[in-house]
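Within every chain, numbering begins at 1; the chains are lettered A, B, ... in the order of the sequence lines, protein sequences first and strands thereafter. Just so we're clear, the structure is a prediction, and the values are computed from it rather than from any experiment.
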Protein chains: 2
Amino acid sequence: MSDTCTLSRLDALLGRLKAQGLRLTPQRVAIVRELVTRCDHPTVEQLHKAILTAFPTTSLATVYKTIHLLKEQGEVLELGFGELGSRYDGRRPEPHPHLICTRCGAISDPPAACAELNELAERLAGQSGFSISAHRFDLFGLCPSCRAPR
Amino acid sequence: MSDTCTLSRLDALLGRLKAQGLRLTPQRVAIVRELVTRCDHPTVEQLHKAILTAFPTTSLATVYKTIHLLKEQGEVLELGFGELGSRYDGRRPEPHPHLICTRCGAISDPPAACAELNELAERLAGQSGFSISAHRFDLFGLCPSCRAPR
DNA sequence: ATTAGTGCAAAACGTTTGCAACATT
DNA sequence: AATGTTGCAAACGTTTTGCACTAAT
């Protein structure tokens, strides 16, 4: 679950935070690690629960504040849909597609990277006079296990 | 602001609702018209305010209920981002890209239709074993007037 | 010693719901 | 007359905020 690439991103990210004079409190480190390590795009509630096992007094507010911080730094992607309870992607902060299962709620990343997306974004931007700084491509449907007859 | 195409969609939509035994109350008609007519992707609050001028007693709850109804029927697209206050597109309920200005909040539709999106969605779906039923492509950046130096 | 961060409780926000009164069919 | 719809107010769940306390530097 914690490959070398993920761990080096964790270190680099913590270093970037420290370099800005931000304090690396145990809670903060735990939240960041959780965010960078997990690939299930957790909710704030799920992150909080996970942190509690190691730091039982951690408050929800702290989780929210830390996420807010990381969002500002562009280190985390917020995936909010119409519904309540945003989910977060701290593994790959650059825009990339997401596959959302409308039955079980699972969110996964597509197996292959997708270069066309940026091109497409640029082209649409050019036609409209917008200058694009980010984009989102979300695909809704049934994941393989929810498709399967049971 | 109300071209022929938009108006015929309005009629068709109202017909579809009536055909299901739903009642065409004045409030409902007003909300639907507003939703189909406007191209600025309004919030619930904005819709409510617009309805109030003709029907001063209309409640927010009624606006929410009507939108919920239309969403269920696939007649309206809900555009929720991380932030609060979803916005709605009742002109083109089929998935299409949206350009969101991160400075002034304007949401606009790209000038040209974009066929590649569906292809791309299908391809990613195939690679991942998902069966896609809907998708969303949102582009964030600065609109032409917010880009312009003042 | 400083000063940023924590944790609690309360507030804010958009949205949903229950229900009695009402209006469309 | 029957029943779907309205409008109010209260409830909901998530997220934000204020502030005294704590801990990292």
Visitor: Measure CG/Leu79(B) against P/dG14(C) and give the value in whole Å, please.
Guide: 17 Å
Visitor: Indicate, with yes or no, if Val29(A) and Leu52(A) share a hydrophobic cluster defined by side-chain heavy-atom contacts under 4.5 Å among Ile, Leu, Val, Met, Phe, Trp and Tyr.
Guide: no
Visitor: Closest approach of Thr58(B) and Gln27(B), non-hydrogen atoms and distance?
Guide: OG1-CG, 3.7 Å
Visitor: Give me the atom names and distance for the closest heavy-atom approach of His96(B) to His98(B).
Guide: NE2-NE2, 3.0 Å
Visitor: Figure out the NE2/P separation between His48(B) and dT6(D), and round it to whole Å.
Guide: 12 Å
Visitor: Applying the side-chain contact (heavy atoms from CB on, under 4.5 Å) test to Asp89(A), which of Val36(A), Val76(A), Asp40(A), Asp109(A) qualifies?
Guide: Asp109(A)
Visitor: Counting only side-chain N and O atoms of Arg28(B), is one of them less than 4.0 Å from OP1 or OP2 of dT5(D)?
Guide: yes
Visitor: Does Thr25(B) put a side-chain nitrogen or oxygen below 4.0 Å from OP1 or OP2 of dT6(D)?
Guide: yes
Visitor: When you check the phosphate oxygens OP1 and OP2 of dT6(C), does a side-chain N or O of Thr57(A) lie under 4.0 Å from one of them?
Guide: no
Visitor: Please state how far atom CZ in Arg23(B) lies from atom C1' in dG4(D), giving the value in whole angstrom units.
Guide: 4 Å
Visitor: Just the rounded figure in Å: distance from C1' of dT6(D) to CG of Leu22(B).
Guide: 15 Å
Visitor: Taking NZ, NE, NH1 and NH2 as the nitrogens, is one of them in Lys49(A) or Glu34(A) under 4.0 Å from a carboxylate oxygen of the other?
Guide: no
Visitor: Can you check whether Ile107(B)'s main-chain N or O pairs, donor with acceptor, with His41(B)'s side chain at less than 3.5 Å?
Guide: yes
Visitor: Provide the closest heavy-atom pair for Arg9(B) versus Pro93(B) in the form atom of the first, atom of the second, distance.
Guide: NH2-CG, 3.2 Å
Visitor: Can you check the Ile31(A) CD1 to dG5(C) P distance for me, whole Å?
Guide: 12 Å
Visitor: Using five pairs at either end of the helix from dA1(C)-dT25(D) to dT25(C)-dA1(D), determine the angle between the two local helix axes and round it to 10 degrees.
Guide: 30°
Visitor: So, does Gln27(B) get its side chain near the phosphate of dA23(C), meaning an N or O under 4.0 Å from OP1 or OP2?
Guide: no
Visitor: Checking all strands, does Pro56(A) fall into the base, sugar-phosphate, or nothing category for heavy-atom contacts under 4.0 angstrom?
Guide: nothing
Visitor: Between residues 58-74 of chain B and DNA chain D, which residues have a heavy-atom gap below 4.0 Å?
Guide: Thr58(B), Ser59(B), Ala61(B), Thr62(B), Lys65(B)
Visitor: For the residue pair Phe137(B) and Leu124(A), establish whether any side-chain heavy-atom pair is separated by less than 4.5 Å.
Guide: yes
Visitor: Take atom CD of Gln46(B) and atom P of dG14(C), then tell me their distance rounded to the nearest Å.
Guide: 12 Å
Visitor: Assess whether salt bridge (charged side-chain N to carboxylate O under 4.0 Å, His left out) is satisfied between Arg136(A) and Glu78(A), documenting all intermediate values.
Guide: CA-CA 10 Å; Arg136(A) 255 182 83 168; Glu78(A) 181 175 38; over 6 Å; no
Visitor: Between Lys18(A) (NZ) and dT3(C) (C1'), how many Å, whole number?
Guide: 18 Å
Visitor: Could you check how far CD of Glu45(B) sits from C1' of dA12(C), rounded to whole Å?
Guide: 14 Å
